[in-house]
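This report concerns only the one structure given below.
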Amino acid sequence: MSTEADPMLPSAPLARTPLPTMAPDAWQAPPWPGAPGPPPDGTEPGAPRRRPGRTAAAAACAVLGLGLIGGAVAGTWLTAPGERGAAETAYARGADLWRTVPVDTLFPRTVHDAMAGPGGAARHWTRIGVAADADCRGAFDPLLARALAPVGCKRLLRAAYTDATSTRVTTVGLLVTDTDATGMRALRKRFTGERLGERPDLMPRPYAPKGTAAERFGDAQRASWRISVLTDAPAVVYAVTGFADARTGTPPQPAEQAIRPDATTAPAQAGLGHDANTLVGRLEQGVRQAVTRPQETDR
């Protein structure tokens with residue numbers, strides 16, 4: 001799979017932090033079998049002579065230190081394969097979560113957070129619609145669809161939420177990708193390095209179920225959003241929010257900026273960034289719980 005930058009998505013070079021220089025003698029390799037030992041009297045040329053007792057004590061400490069290091073390395077050898085196996089199993093399970101995990105696990109009927117609103121205010125959301133699982137056609141703005149194309153789209157799950165006052169609506173989505181962990185790491189690196197999740201021309205599109213507070217939530221009503229690329233599961237989770245009264249003209253602002261304490265924009269003041277941020281976090285939690293423990297109930 002190619003991870004080259006897409007010419008349609010201008011790339012900003014990543015800042016590289018230089019590694020600190022290290023003095024030649026700042027790190028000494030441990031002794032190896034067959035390495036020449038010190039002179040019989042335990043001294044180096046030109047060094048003061050040591051007493052035999054001190055030499056023996058130093059040798060004992062060296063042996064003890066090597067034993068501890070060896071034990072730590074052996075422990076790593078013993079545990080690493082099991083940890084890798086668990087991670088691989090969890091990742092593989094993520095590819096099927098769209099049909100094996102109950103919908104209420106991924107998209108709870110209600111979500112409550114005592115400090116999720118502006119200034120640490122309590123917030124409560126209610127699910128008002130769940131879309132049938134589908135492909136990704138029409139779910140994203142064109143440039144976002146292009147940016148996500150390298151990881152593929154195995155399935156797309158979406159739900160709609162409203163706040164306790166029914167004045168704000170949020171679409172929450174889960175894109176199950178069709179790539180391996182390396183592909184997900186490459187996508188996350190690009191999203192992070194090029195800050196693609198902050199670009200208004202790379203926004204998810206709303207899901208607007210009929211007969212609900214979200215039925216007039218269209219592209220023009222989008223006011224805040226958040227996109228999160230996971231690497232421990234083949235998944236991209238996102239949320240996009242707006243006002244339920246179908247108002248337009250609100251300049252959209254990414255949730256990361258709208259939740260800052262000093263933010264004064266309309267999305268920030270209304271808590272739309274907090275809606276997107278909290279609901280994405282809740283979906284991430286649901287995905288990770290689903291892939292780390294077996295599910296017995298079909299979706």
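Keep in mind it's a predicted model, so treat the numbers as computed, not measured.
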| query | Is there a side chain to side chain contact (heavy atoms under 4.5 Å, CB included) between Leu230 and Val236 once you walk through the steps? | reply | CA-CA 6 Å; Leu230 306 188; Val236 176; over 6 Å; no

| Verdict with reasoning, Val169 to Thr241, per side chain to side chain contact (heavy atoms under 4.5 Å, CB included) | CA-CA 6 Å; Val169 289; Thr241 66; over 6 Å; no

| query | Run the side-chain hydrogen bond (donor to acceptor under 3.5 Å, both in side chains) check on Thr165 and Thr167 step by step: do they pass? | reply | CA-CA 5 Å; Thr165 64; Thr167 59; 2.7 Å; yes

| query | Passes side-chain hydrogen bond (donor to acceptor under 3.5 Å, both in side chains), Thr265 versus Gln253? Steps please. | reply | CA-CA 8 Å; Thr265 61; Gln253 183 179 37; 2.4 Å; yes

| request: Starting from the C-alpha separation in whole Å, work towards a yes-or-no answer on side chain to side chain contact (heavy atoms under 4.5 Å, CB included) for Met184 and Thr179. | output: CA-CA 7 Å; Met184 294 305 298; Thr179 190; 3.6 Å; yes

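Screening residues 111-157 for ring-ring contact (aromatic ring centres under 6.0 Å, His included) gives His112-His124, Phe140-Tyr238 as the qualifying pairs, with residues at least two apart or on separate chains. Note on residues 110-121: no pairs pass salt bridge (Lys or Arg N to Asp or Glu O under 4.0 Å), not counting sequence neighbours. The salt bridge (Lys or Arg N to Asp or Glu O under 4.0 Å) pairs that include a residue from residues 254-264 number zero, where partners must be two or more places apart or lie in different chains. Pairs passing the salt bridge (Lys or Arg N to Asp or Glu O under 4.0 Å) check and including a residue from residues 208-219, sequence neighbours excluded, read Arg205-Asp219. Among residues at least two apart or in separate chains, salt bridge (Lys or Arg N to Asp or Glu O under 4.0 Å) pairs with a member in residues 268-291 are Arg168-Asp275, Arg226-Glu284, Asp232-Arg288, Glu284-Arg288.
The CD1 atom of Ile128 lies 5.0 Å from the OG1 atom of Thr162; values are rounded to the nearest 0.5 Å. To the nearest 0.5 Å, atoms CG (Asp245) and OG (Ser166) are separated by 12.0 Å. For the atom pair Arg190 CZ and Leu196 CG, the distance stands at 5.5 Å (nearest 0.5 Å). The CD1 atom of Ile259 sits 13.0 Å away from the CG atom of Leu272 when rounded to the nearest 0.5 Å.
Between the side chain of Gln221 and the backbone N or O of Thr248 there is no donor-acceptor pair closer than 3.5 Å. Using a distance-only test at 3.5 Å, with no hydrogens or angles considered, a donor-acceptor pair links the side chain of Trp225 to the main chain of Gly197.
For the residue pair Thr278 and Ala116, the shortest heavy atom distance occurs at OG1-CB, 3.4 Å. The shortest non-hydrogen separation linking Gly173 to Leu283 is O-CD2, 3.3 Å. Of all heavy-atom pairs between Ala268 and Pro118, the closest is O-CG, 4.0 Å. Summarising the geometry of Val172 relative to Phe107, their closest heavy-atom pair is O-CE2, 3.8 Å, with the distance given to 0.1 Å. Residue Val291 comes nearest to Ala233 through the heavy atom pair CG1-CB, 4.3 Å, listed as atom of the first residue, atom of the second, then distance. When every heavy atom of Cys136 is checked against every heavy atom of Leu175, the shortest pair comes out as SG-CD1, 3.2 Å.
Scanning for side-chain contact (heavy atoms from CB on, under 4.5 Å) contacts around Pro209 gives Ala160, Tyr207, Thr212, Ala214, with sequence neighbours left out.
Residues Phe243 and Thr250 have side chains in contact (heavy-atom distance under 4.5 Å, counting atoms from C-beta outward). Arg127 places none of its side-chain heavy atoms less than 4.5 Å from the side chain of Thr110. You'll find the side chain of Asp178 stays beyond 4.5 Å of the side chain of Val151, heavy atoms only. In this structure, Leu148 and Leu187 have side chains that are in contact, with non-hydrogen atoms separated by less than 4.5 Å. For the pair Ile227/Pro204, a side-chain contact is recorded, criterion being any heavy-atom separation below 4.5 Å from C-beta on. Contact check for Leu97 versus Val176: side-chain heavy atoms found under the 4.5 Å cut-off. Gln269 has its side chain within reach of Thr264: a pair of non-hydrogen atoms, C-beta onward, lies under 4.5 Å apart. Using a 4.5 Å heavy-atom cutoff, the side chains of Tyr161 and Val111 are in contact.
Ion pair Asp141/Arg222 flagged as a salt bridge, since at least one NZ, NE, NH1 or NH2 atom sits closer than 4.0 Å to an Asp/Glu carboxylate oxygen. Note on Asp133 versus Arg158: no salt bridge recorded, every NZ/NE/NH1/NH2 to OD/OE distance being 4.0 Å or above. Between Asp104 and Arg109 there is a salt bridge, since a side-chain N of the basic residue sits under 4.0 Å from a carboxylate O of the acidic one.
Each of Val101, Leu156, Leu106 was checked for a side-chain contact (heavy atoms from CB on, under 4.5 Å) with Leu174, and the lone residue meeting it is Leu106.
Annotation: cation-pi pair Arg188/Phe191 absent, no NZ/CZ under 6.0 Å from the ring centroid and within 45° of its normal.
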